[in-house]
Amino acid sequence: MRIDNDPKLDFDDVLIRPKRSEAPSRASVELEREYRFLNGGGVWKGVPIVAANMDTVGTFAMSEAIGPPMLTCLHKYYPEDALVDFFREEAHSDSTFFTIGLNDAEFDKLVAVKKKADVRMVCVDAANGYTKFFVERVKRVRDAFPTMTILAGNVATPDMVQELLISGAADVVKIGIGPGSVCTTRRTTGVGYPQLSAIIECADAAHGLRGHVCADGGCRFPGDVVKAFAAGADFVMLGGMLAGHDECEGEWVMDEGRRVALRFYGMSSQEALDKYAGGRRDYRACEGRAVSVPYKGPVLDTMQEVTGGIRSACAYVGATRLKDLSKCTTFVICQRPHGSMFA
Ligand SMILES: NC(=O)C1=CN([C@@H]2O[C@H](COP(=O)(O)OP(=O)(O)OC[C@H]3O[C@@H](n4cnc5c(N)ncnc54)[C@H](OP(=O)(O)O)[C@@H]3O)[C@@H](O)[C@H]2O)C=CC1
Ligand SMILES: Nc1nc2c(ncn2[C@@H]2O[C@H](COP(=O)(O)O)[C@@H](O)[C@H]2O)c(=O)[nH]1
Ligand SMILES: [K+]
């Protein structure tokens, strides 16, 4: 056993220090970024916010609403026919990840859909991205599809970011062990890594190889999305912040014919395991919980809060483009990140 004594940070441990700025208006801040991917070689341009592949959030309707310019990782439970129809539209192929887990049936479904439609981006998602098996599964997708853009995770440390970029031949590594809004991994297993430090350390490792990272989990407010980008994230993935909108699928709580709340649960919760895995197997625990999220209306209203927050942050620190936010950022360590009397 050993102890790492360096302080590690979460979103609530920091604020971004304002600086003299020449920004004339928040409207002129450029939010689009362009990336060329390390192993697939593809080029993507857009606003690098990604809807998470949770079954309530990673929906066809979410992708339609936010992308392009934003991205959606579809949940992995759509049937093959529906996926073929969906990926036949160019705008969808440009802005949507096909998601698979680790089992063969999911890989086979990808191969089948890819034969009939233009899938360009794949998310290989597992709770634990540290296993050799996971790296091999990512590499199998690369071997089958040399020019595919591959997003793979989750991990939270630079060693495994490098491993996934080099041995797995992924393009973008998804960062986050345990920060999610409906995640209980840290309580159940004691394992995790403070998310802001994970992003800073993993982005540094990825960028050194010309790879990219996607911060996944723990963003509760637009300011957290800003902090994730400021820490060096190339993409930021959102689950809970996008739950409860018109574009979500799932079980709604209704009142006099109107939606009042959405049942939202972790993909490793009892609910999800009952729904998709025939219950919880006898050797494992759940690592997710279920909550009710109030109905929030159209997702684009929330997205405007997010993009507005990023624009304003850029203007506060003198970044004319989202691309420059990280280099314009000085984080200050703080004890009270938000005023709390009425908020
Ligand atoms: N970012 C995060 O912190 C987390 C995210 N999630 C999300 O929930 C989804 C479902 O999660 P879940 O059902 O737990 O797992 P996964 O769907 O990710 O499981 C994939 C495979 O990995 C194997 N595995 C080995 N070690 C682990 C481990 N420590 N944790 C989980 N799987 C392991 C499992 O085998 P076996 O069952 O035989 O061990 C299983 O076959 C994930 O795909 C992810 O989207 C879940 C937990 C954490
Ligand atoms: N440990 C768990 N993590 C989960 C589970 N379901 C999803 N997730 C992860 O959370 C993010 C979204 O985070 P949010 O804070 O934006 O809501 C998602 O992309 C997964 O990585 C789970 O059951 N357990
Ligand atoms: K659209």
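Throughout, residue positions are numbered sequentially from 1 according to the sequence presented. Atom set for the values below is all heavy atoms of this structure, side chains included, hydrogens, waters and symmetry mates excluded. Whatever order the structure lists ligands and atoms in, that order sets their numbers, starting from 1.
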Need the list: ligand 1 N/O atoms against protein N/O atoms, distance under 3.5 Å, rounded to one decimal.
{"unit_1": "ligand 1", "atom_1": "1 (N)", "unit_2": "Asn154", "atom_2": "ND2", "d": "3.2"}
{"unit_1": "ligand 1", "atom_1": "1 (N)", "unit_2": "Gly176", "atom_2": "O", "d": "3.1"}
{"unit_1": "ligand 1", "atom_1": "3 (O)", "unit_2": "Gly178", "atom_2": "N", "d": "2.9"}
{"unit_1": "ligand 1", "atom_1": "13 (O)", "unit_2": "Arg284", "atom_2": "NH1", "d": "2.9"}
{"unit_1": "ligand 1", "atom_1": "14 (O)", "unit_2": "Ser268", "atom_2": "OG", "d": "3.1"}
{"unit_1": "ligand 1", "atom_1": "14 (O)", "unit_2": "Arg284", "atom_2": "NH2", "d": "2.9"}
{"unit_1": "ligand 1", "atom_1": "18 (O)", "unit_2": "Ala127", "atom_2": "N", "d": "2.6"}
{"unit_1": "ligand 1", "atom_1": "29 (N)", "unit_2": "Asn128", "atom_2": "ND2", "d": "3.4"}
{"unit_1": "ligand 1", "atom_1": "37 (O)", "unit_2": "Tyr283", "atom_2": "OH", "d": "2.8"}
{"unit_1": "ligand 1", "atom_1": "38 (O)", "unit_2": "Tyr283", "atom_2": "OH", "d": "2.8"}
{"unit_1": "ligand 1", "atom_1": "43 (O)", "unit_2": "Asp125", "atom_2": "OD2", "d": "2.9"}
{"unit_1": "ligand 1", "atom_1": "45 (O)", "unit_2": "Asp125", "atom_2": "OD2", "d": "2.5"}

One thing to verify: whether [Y] and [X] come together as a salt bridge, which I'm taking to mean a side-chain N less than 4.0 angstrom from a carboxylate O.
{"X": "Glu90", "Y": "Arg120", "value": "yes"}
{"X": "Asp94", "Y": "Lys45", "value": "no"}
{"X": "Lys76", "Y": "Asp125", "value": "no"}

Flag [X] as yes when one of its N or O atoms lies below 3.5 Å from any N or O atom of ligand 2, and as no otherwise.
{"X": "Pro179", "value": "no"}
{"X": "Gly218", "value": "yes"}
{"X": "Ser268", "value": "yes"}

Of the listed options ([options]), which comes nearest to [atom] when hydrogens are ignored and any heavy atom counts?
{"atom": "atom 24 (N) of ligand 2", "options": "Met241, Glu287, Arg289", "value": "Glu287"}
{"atom": "atom 5 (C) of ligand 2", "options": "Gln270, Met237, Met54, Met267", "value": "Met267"}
{"atom": "atom 11 (C) of ligand 2", "options": "Thr184, Asp216, Val57", "value": "Asp216"}

Chi angles and distances behind the side chain to side chain donor-acceptor pair (under 3.5 Å) call for Glu249, Tyr77: CA-CA 12 Å; Glu249 288 170 7; Tyr77 305 105; over 6 Å; no
Tell me whether Val317 is reachable from Ile200 by hopping between hydrophobic residues (I, L, V, M, F, W, Y) whose side-chain heavy atoms are closer than 4.5 Å. yes
A cation-pi test, strictly: NZ or CZ of Arg258 under 6.0 Å from the centre of the six-membered ring of Tyr295 and no more than 45 degrees from its axis. Yes or no? no
For ligand 2, which atoms, with element, lie under 4.0 Å from some heavy atom of [X]?
{"X": "Thr185", "value": "1 (N), 2 (C)"}
{"X": "Gly240", "value": "14 (P), 16 (O), 17 (O)"}
{"X": "Ala52", "value": "19 (O)"}
{"X": "Leu238", "value": "16 (O)"}
{"X": "Gly180", "value": "10 (O), 13 (O), 15 (O)"}

Taking [atom] as the reference point, the nearest protein heavy atom with its distance:
{"atom": "atom 4 (C) of ligand 2", "value": "Cys183 CB, 4.2 Å"}
{"atom": "atom 13 (O) of ligand 2", "value": "Gly217 CA, 3.3 Å"}
{"atom": "atom 16 (O) of ligand 2", "value": "Gly239 N, 2.8 Å"}
{"atom": "atom 17 (O) of ligand 2", "value": "Ser181 OG, 2.5 Å"}

To the nearest 0.5 Å, tell me how far Thr96 OG1 sits from Phe98 CZ. 11.5 Å
Backbone, side chain, both or neither: what part of Asn154 comes under 4.0 angstrom of ligand 2, heavy atoms only? side chain
Would you call the rings of Phe37 and Tyr35 parallel, tilted or perpendicular, taking 30° and 60° as the class edges? tilted
Counting only non-hydrogen atoms of the protein, does one fall under 4.0 Å from atom 8 (N) of ligand 2? no
Tell me, yes or no, whether the heavy-atom count around Glu80 atom CD, taken from other residues, nucleotides or ligands under 6.0 Å, exceeds 12. yes
Applying side chain to side chain donor-acceptor pair (under 3.5 Å) to His245 and Asp301, what does each step give before you reach the verdict? CA-CA 10 Å; His245 292 98; Asp301 288 352; over 6 Å; no
Donor-acceptor pairs under 3.5 Å, side chain of residues 211-228 to any protein atom, not counting sequence neighbours: which ones?
{"unit_1": "Asp216", "atom_1": "OD2", "unit_2": "Asn154", "atom_2": "ND2", "d": "2.9"}
{"unit_1": "Asp216", "atom_1": "OD2", "unit_2": "Lys174", "atom_2": "NZ", "d": "3.1"}
{"unit_1": "Arg220", "atom_1": "NE", "unit_2": "Asp224", "atom_2": "OD2", "d": "3.0"}
{"unit_1": "Arg220", "atom_1": "NH1", "unit_2": "Asp12", "atom_2": "OD2", "d": "3.2"}
{"unit_1": "Arg220", "atom_1": "NH2", "unit_2": "Asp12", "atom_2": "OD1", "d": "2.9"}
{"unit_1": "Arg220", "atom_1": "NH2", "unit_2": "Asp224", "atom_2": "OD1", "d": "3.4"}
{"unit_1": "Arg220", "atom_1": "NH2", "unit_2": "Asp224", "atom_2": "OD2", "d": "3.1"}
{"unit_1": "Asp224", "atom_1": "OD2", "unit_2": "Arg220", "atom_2": "N", "d": "2.9"}
{"unit_1": "Asp224", "atom_1": "OD2", "unit_2": "Phe221", "atom_2": "N", "d": "3.4"}
{"unit_1": "Lys227", "atom_1": "NZ", "unit_2": "Phe11", "atom_2": "O", "d": "2.9"}
{"unit_1": "Lys227", "atom_1": "NZ", "unit_2": "Val14", "atom_2": "O", "d": "2.8"}

